[in-house]
2 protein chains.
Amino acid sequence: METRRDIFQAIADPTRRAILVLIALQAMTPNALAEHFHTSRQAVSKHLKVLTECELVKPELSGREIYYQLEIGKMKEIDTWLEPFRKLWEDRFNQLDIVLATLKKQQNEK
Amino acid sequence: METRRDIFQAIADPTRRAILVLIALQAMTPNALAEHFHTSRQAVSKHLKVLTECELVKPELSGREIYYQLEIGKMKEIDTWLEPFRKLWEDRFNQLDIVLATLKKQQNEK
DNA sequence: TATAAGCGCAATGATCTGGTTGCGCAACTA
DNA sequence: TAGTTGCGCAACCAGATCATTGCGCTTATA
């Protein structure tokens, strides 16, 4: 079945998020990754397939080994989606800032 | 079945992401939300249940209507996870910046 | 008070998901 | 060349997801 891959669906799985974190530090092979989890290499391979399909990760051949490395640019897409929301919480933070400043002022005037 | 709710799993669904975007602008009732999608009110209600369980959304009663509003603070948790990755792409951007500066310098020296 | 409107919940069903096992193939190694 | 080692792929299976439908409860309206 040709399932459409999607970044948000990809990072929904905790194991895949962990893989992304590990790979962010250094490109790794499926076997090396599997050692960090309580699952088989094949399971990790399936996760890597999902991550590769949505281009969050890129395989790099080296003999019979395959080093998977992070495609950091793709991660930015998540950030892009978050952008408008970020504005909201920054605004709220600013409002809180104002409240705190007002309280402090009132305290000084006592 | 008591499924553990998780923010990343919550935003994996495109309809739920759309709900978050709509609600960010203004608190809305399930019926009002359902009008924006090609699904039933019950389906929207189920999505709202998921979003409420992981506290991305909060119900506000008003007579027989329920206005759901965004819990912006929870959205920030996604941003927090993204934080270390952001460093990476900012670094890469800085490196690109350096490259561009160098190129410009060389051009000026011609 | 009778009727309609707004919801949530439960049951059902099709489709996805994530894990396992068993291959087979290519690439190192003795 | 014979035997490992590292991988991906296919088949299979239990459990999760998402949408639909049918209810029943509460609140507004005539």
Side-chain angles (χ1 to χ4, degrees), chain A residues 1-23 26-71 78, chain B residues 1-23 26-71 78:
Chain A
M1 186 118 335
E2 267 314 306
T3 309
R4 185 84 54 75
R5 292 304 178 188
D6 163 62
I7 314 182
F8 293 96
Q9 190 267 336
I11 63 165
D13 184 86
T15 301
R16 282 197 290 267
R17 284 201 301 282
I19 288 176
L20 290 174
V21 170
L22 284 171
I23 280 183
Q26 185 183 13
M28 293 175 79
T29 65
N31 269 320
L33 282 167
E35 285 174 11
H36 287 79
F37 309 106
H38 299 290
T39 69
S40 64
R41 175 189 59 78
Q42 283 88 338
V44 170
S45 257
K46 281 179 88 172
H47 285 307
L48 286 170
K49 191 182 176 190
V50 173
L51 292 172
T52 304
E53 279 173 6
C54 66
E55 298 177 303
L56 275 167
V57 140
K58 193 176 64 182
E60 198 182 326
L61 302 173
S62 168
R64 69 180 158 178
E65 291 182 318
I66 303 178
Y67 286 87
Y68 284 88
Q69 62 181 155
L70 188 66
E71 290 263 44
I78 302 166
Chain B
M1 187 116 336
E2 269 313 307
T3 310
R4 184 85 54 75
R5 292 303 178 189
D6 163 62
I7 313 183
F8 293 97
Q9 189 268 337
I11 64 165
D13 184 87
T15 302
R16 282 197 289 265
R17 285 202 300 282
I19 288 176
L20 290 174
V21 170
L22 284 172
I23 281 183
Q26 185 183 14
M28 293 176 78
T29 65
N31 270 320
L33 283 166
E35 285 174 12
H36 287 80
F37 309 107
H38 299 290
T39 69
S40 63
R41 174 189 59 79
Q42 284 86 340
V44 171
S45 255
K46 282 179 85 172
H47 284 307
L48 286 169
K49 190 182 177 191
V50 173
L51 292 172
T52 304
E53 280 174 4
C54 66
E55 298 177 303
L56 275 167
V57 142
K58 193 176 62 184
E60 197 181 327
L61 304 172
S62 169
R64 67 178 161 181
E65 290 181 319
I66 303 178
Y67 286 87
Y68 284 86
Q69 63 181 156
L70 187 66
E71 289 262 44
I78 302 165

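By convention in this document, chain letters (A, B, ...) are assigned in the order of the sequence lines, proteins followed by strands, and residues within each chain are numbered from 1.
In this entry the distance linking CD of A/E53 with P of D/dC9 reads 9 Å, nearest Å. One can place CD of B/E65 at 13 Å from C1' of D/dT26, the figure rounded to the nearest angstrom. Between A/L33 atom CG and C/dG19 atom P there is a gap of 13 Å when expressed in whole angstrom units. A/F8 has its CZ atom 16 Å from the P atom of C/dT17, to the nearest Å. Atoms CD1 (A/I66) and C1' (D/dT5) sit 13 Å apart, rounded to a whole Å. Rounded to whole Å, the distance from CG on A/D6 to P on D/dT17 is 16 Å.
The distance from the CZ atom of A/R41 to the CG atom of A/L33 is 12.0 Å, given to the nearest 0.5 Å. Note that NZ of A/K58 is 7.0 Å distant from CD of A/E60, once rounded to the nearest 0.5 Å. Note that CG of B/D6 and CG of A/D13 are 9.5 Å apart. Values are rounded to the nearest 0.5 Å. Once rounded to the nearest 0.5 Å, the distance linking CG of B/N31 with CD of B/E65 reads 8.0 Å. Atom CD1 of residue B/I23 and atom OH of residue B/Y68 lie 9.0 Å apart, to the nearest 0.5 angstrom.
Of the candidates B/V44, B/V50, B/V57, B/V50 is the only one forming a side chain to side chain contact (heavy atoms under 4.5 Å, CB included) with B/R16.
The residue B/F37 sits apart from the nucleic acid: no heavy atom pair falls under 4.0 Å. Counting any heavy atom pair closer than 4.0 Å across all strands shown, A/Y67 reaches no nucleic acid atom.
With contacts defined as side-chain heavy-atom distances shorter than 4.5 Å, the pair A/Q9/A/R5 qualifies.
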How does protein contact run along nucleotides 18-24 of chain D, one letter per nucleotide 5' to 3', with B for base contact, S for sugar-phosphate only, - for none, heavy atoms under 4.0 Å?
-> BBBBB--

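Here A/N31 reaches the OP1 or OP2 of D/dC7: one of its side-chain N or O atoms lies under 4.0 Å away. In this structure, B/Y68 reaches the C/dG8 phosphate: one of its side-chain N or O atoms is under 4.0 Å from OP1 or OP2.
Side-chain to base pairing of A/R64 with D/dT5: one donor and one acceptor N or O lie within less than 3.5 Å of each other.
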